[in-house]
Protein chains: 2
Amino acid sequence: MADLARLSGVSKITVSRALGDSPLVNAQTRDRIQSIAREHGYKLNVNARNLRLRRSHTVAVIVEMKPTAQRGMFDPYPLALLGGISQELTAAGYSVLLTTRQGATVAAVQAADGLILLGQGANQEAVRRFDRLGLPMAVWGATSVAGSHVTIGSDNRGGGARVAEHFFALGRRQPIFIGNPSHPEIFDRLNGFVDTLAARGIKPLLLKRDEFTPESGAEAVQALHARGVAFDAIFACNDLLAMGAIRAAVELGKSVPRDVSVVGYDDMPAGATFLPALSTVRQDWQLGGTLLARKVLGLIGHEDAESESLPVELVIRGT
Amino acid sequence: MADLARLSGVSKITVSRALGDSPLVNAQTRDRIQSIAREHGYKLNVNARNLRLRRSHTVAVIVEMKPTAQRGMFDPYPLALLGGISQELTAAGYSVLLTTRQGATVAAVQAADGLILLGQGANQEAVRRFDRLGLPMAVWGATSVAGSHVTIGSDNRGGGARVAEHFFALGRRQPIFIGNPSHPEIFDRLNGFVDTLAARGIKPLLLKRDEFTPESGAEAVQALHARGVAFDAIFACNDLLAMGAIRAAVELGKSVPRDVSVVGYDDMPAGATFLPALSTVRQDWQLGGTLLARKVLGLIGHEDAESESLPVELVIRGT
DNA sequence: CCAGCGATTGTTATCGATATCAAGCCGTCC
DNA sequence: GGACGGCTTGATATCGATAACAATCGCTGG
C-alpha cells in the first residue's frame with residue numbers, strides 16, 4: 001500500500017480509503033488509485049487489516065471426525081450442512097475455517113469471530129469446552145447443554161414420533177429401534193418413538209449399535225434372529241443401518257415390507273433407488289447449515305438469536 | 001502480551017520468547033510466565049503473529065459447489081477428501097480455510113500459504129485462474145492443465161480399462177458407458193474403457209448424462225430401451241447412476257446380472273448393501289486427501305513435488 | 001586485573017493496514 | 001474582508017506480535 005501511495009503520489013491512507021471505496025476521497029483520485037492497484041496486482045494483506053480492525057471475518061467450523069482413518073468421514077451429512085454453512089457465510093463476506101476437534105489449531109479457532117460445532121453428538125463435554133471460549137457459537141444437534149450458544153437441529157423427537165404412528169397405523173405391534181442413543185439426536189428420536197408407542201400400549205425393543213453402517217444394521221437383525229426375537233417393524237436411526245437391516249432380513253427369509261416394515265433416517269440419495277425403495281425420515285440439511293450460519297452471524301452482530309428446531313418429513317416408499 | 005509483561009515484571013519480548021519455548025529465556029522465568037499466561041487466560045493473536053511472520057499457516061481448500069441449492073453438495077466424495085486433507089494439515093499445524101469458488105472471499109484465499117482445489121472437474125478455466133495466483137497449489141482430478149501446480153487423482157484410465165476387461169471376460173459385447181465426459185476425470189475413465197474395448201474389436205455406446213443421480217441413471221436406461229438399443233453391460237461413472245440404471249433395467253424386465261452386467265464407480269457404502277450388491281471401482285479418497293495435503297505442504301516448504309496417480313481397485317460383487 | 005564469552009534480558013523497529021485528529025483549499029455569506 | 005463550512009488530503013498513532021541488535025551480569029583465562 002505504501003508502494004501504491006508512492007506510485008500515485010498520494011499518502012498511504014488515501015490509498016486505503018480509495019481501495020475501500022470511501023466517500024472521503026475524490027472520485028477521480030479513487031479511480032486512478034484503483035486502476036494503478038489493479039495494474040500492479042496489488043493484494044490486500046488480510047492479517048494486517050484483521051489486526052487493525054480486531055476481527056477476522058472468519059467463522060470456525062469444528063467437525064467431529066471419526067478417528068478411524070479407515071473410513072475417514074464418509075457420513076454425507078456434515079457435508080450437506082457444510083454446504084449450507086459455507087454458502088451463507090461466504091455470501092456475508094465471511095470465511096470458513098474448517099477444523100477437527102483433535103486439531104492443535106486452537107490458536108486459529110480463537111481468532112475466529114464465531115464458532116459452529118457439527119457432529120459433536122456423543123461428546124457434550126466438548127461442547128461445554130468450546131462454550132467457555134466465549135465466542136458466538138451455534139451447535140448442530142439436540143438442545144441440551146446450557147450455555148450462551150444457540151442450538152439448531154431437526155425435530156428428532158417429532159421424527160421418531162412420526163415413525164411410531166406410521167408403524168402403528170400399519171398394525172405393527174413388535175417394533176425394534178436400532179441405533180446409539182448416546183448421541184443426543186438419536187436419543188431424541190428414540191424418545192419420540194418410545195413415547196408415542198407407549199401411549200398406544202406398545203413397548204419397542206432397543207438394539208444399541210455403535211457403528212452406523214450397513215454391516216452394523218445387518219448384524220443387528222442377525223442378532224435378533226439368533227436370540228429368537230419376533231419383530232415386525234424396524235426403525236433404524238440412519239439409512240445405512242436400515243439398508244443393512246433390510247438386506248439381512250431378506251436373507252433370513254423375511255419379506256420387506258410384508259413381514260417387516262422398515263424406516264430409515266436421512267433420506268440418502270441411494271435410499272430411493274434401493275430395492276425395495278427405502279422409507280425414511282428426511283431432514284433438510286442445507287437449510288440447517290444456512291440457519292446455523294445465520295444464527296452465528298446474528299450473534300456476532302450482537303443480535304439475539306434463538307435455538308430452533310427444523311421440521312422433518314416422513315417419506316413413505318416401499319419398505 | 002504487554003499485560004503479561006507487566007504482570008511478570010519482564011519485557012514483552014521475554015514473554016513472547018517464553019511462550020514460544022525459546023531457549024533464550026531462563027527455564028524458571030519461562031515456567032513462571034507460562035503459568036501466569038495460563039492463569040489469566042491469555043490468547044495469542046494469530047493475526048498479529050501472521051502479519052509479523054508473513055505467513056498464515058493456512059491452506060485454502062476450494063470446493064466446487066453445485067449452484068443447485070436443492071441438493072446442496074451431497075456428493076460424499078469431497079467430504080472424504082476433506083477428511084484426509086484436514087487430518088494431514090492439522091497434524092502439521094496448518095488450518096484449513098474452506099471456500100466455494102463463487103465466494104467473494106478472494107482476499108482471504110490470497111492470504112493462504114497454499115491452495116487445494118477439489119471438484120473443479122469441468123471447469124479448467126478456474127484452475128488456470130487460481131494457478132495465476134502463484135501460490136503452492138494441488139489439484140484433485142485428472143492431469144491436464146499445464147502450470148506450476150501438482151495434480152493428484154486416481155487412475156481413472158486404469159479404472160475404465162479394468163471394467164472393460166471385466167466385461168470382456170464375462171463375454172459382454174454390447175457395453176454402454178453412462179456419464180459426462182466433459183469432466184476430465186470421467187473423460188479418462190471413458191478413454192480407458194473405450195481404448196481397452198477397441199483393442200478387442202468392441203465399440204461401446206456413450207450415453208452422456210449431466211446429473212450424477214439415480215434418476216439420471218434410470219432415465220438413461222429408459223432412453224436406451226425407447227430407442228431399441230440392445231445392450232448387455234453398463235459402466236456408470238458413479239454408483240448412484242449405476243443404482244438408478246439397475247433399477248430401471250429391472251423394471252424393464254431385464255435381470256441383473258444375468259442379462260446385463262453393471263459396474264459403478266466410487267464404492268459408496270450403500271452400494272454394498274444394494275440388492276443385488278453393486279460391483280464398482282473403488283478409489284481411496286482418504287489417501288487422496290492426505291496426499292493432496294502433503295504435496296501442498298511440500299511445495300510450501302520449497303520442496304519438489306510431483307503429480308501422482310492413485311491406484312484403483314475393481315470390486316466385483318453381485319452386478 | 002581486565003578482555004572476552006555465555007547466559008539472559010531489554011530497546012527499538014517492523015509487518016501492513018486503518019482511525020483520529022489536523023490542515024489546506026476553496027467558495028459562500030454576512 | 002474575514003469567519004465558517006464542505007471537500008479533500010495527510011501526519012501520526014495504533015493493532016499485537018517478533019527480529020535484530022544492544023546491554024547487562026557473572027565468570028573464566030591470560
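Letters A, B, ... mirror the listed sequences (proteins, then strands); counts begin at 1. FYI, side chains are in, hydrogens and waters are out, and symmetry mates aren't considered; it's all heavy atoms of this structure.
Between atom CG of residue B:L297 and atom CD of residue B:E303 there is a gap of 9.0 Å, rounded to the nearest 0.5 Å.
Two residues are said to be in side-chain contact when any heavy atoms from C-beta on lie closer than 4.5 Å; A:V127 and A:M137 meet this criterion. Taking the side chain as every heavy atom from C-beta outward, A:I152 and A:L310 approach each other to under 4.5 Å. Counting heavy atoms from C-beta on, the side chains of B:I300 and B:P136 come closer than 4.5 Å.
When rounded to the nearest whole Å, the span between CE of B:M1 and P of C:dC15 equals 19 Å. In this structure, the CG atom of B:L53 is 15 Å from the C1' atom of C:dA13, given to the nearest Å. Atoms CG (A:D21) and C1' (C:dT18) sit 15 Å apart, rounded to a whole Å. Put simply, CZ on A:R17 is 16 Å from C1' on C:dG16, counting in whole angstrom units. In this structure, CG of B:L4 is placed 12 Å from P of D:dG16, rounded to the nearest angstrom. In this structure, the CD1 atom of A:I13 is 16 Å from the P atom of C:dA22, given to the nearest Å. Rounding to whole angstrom units, CG of residue B:L51 and P of D:dA19 are separated by 13 Å.
Taking for each of A:V25 and A:K12 the nucleotide of DNA chain D with the nearest heavy atom, the 5'-most of the two is the partner of A:V25. Between B:R52 and B:N26, the residue anchored nearer the 5' end of DNA chain C, judged by the nucleotide with its closest heavy atom, is B:N26. Annotation: of the two residues near DNA chain C, B:L24 and A:S16, the 5′-most nearest-nucleotide partner is B:L24.
Between A:R54 and D:dG16 there is a side-chain N or O to OP1 or OP2 distance below 4.0 Å. Taking only side-chain nitrogens and oxygens, A:T14 comes nearer than 4.0 Å to OP1 or OP2 of D:dG10. One finds a side-chain N or O of A:R49 lying less than 4.0 angstrom from the OP1 or OP2 phosphate oxygen of C:dT18. Within the structure, every side-chain polar atom (N or O) of A:R55 is placed at least 4.0 Å from both OP1 and OP2 of D:dC15. The phosphate of D:dT9 has OP1 or OP2 within less than 4.0 Å of a side-chain N or O from A:T29.
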message = Quick one, B:S56 with B:N50, criterion side chain to side chain donor-acceptor pair (under 3.5 Å). Give me CA distance, side-chain angles, the key distance, then yes/no.
response = CA-CA 5 Å; B:S56 63; B:N50 288 346; 5.5 Å; no

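Checking D:dT18, D:dT9, C:dT11 against every side-chain atom of B:S11, the shortest atom distance belongs to C:dT11.
Ion pairing between a basic and an acidic side chain is recognised when a charged N comes within 4.0 Å of a carboxylate O; A:R6 and A:D3 show such pairing. At a threshold of 4.0 Å, the pair B:E306-B:K295 does not count as salt-bridged, since none of the basic side-chain nitrogens sits closer than that to a carboxylate oxygen.
Within residues 36-48 of chain A, the residues having any heavy atom closer than 4.0 Å to DNA chain C are, in order of number, A:Y42, A:K43, A:L44, A:N45, A:A48.
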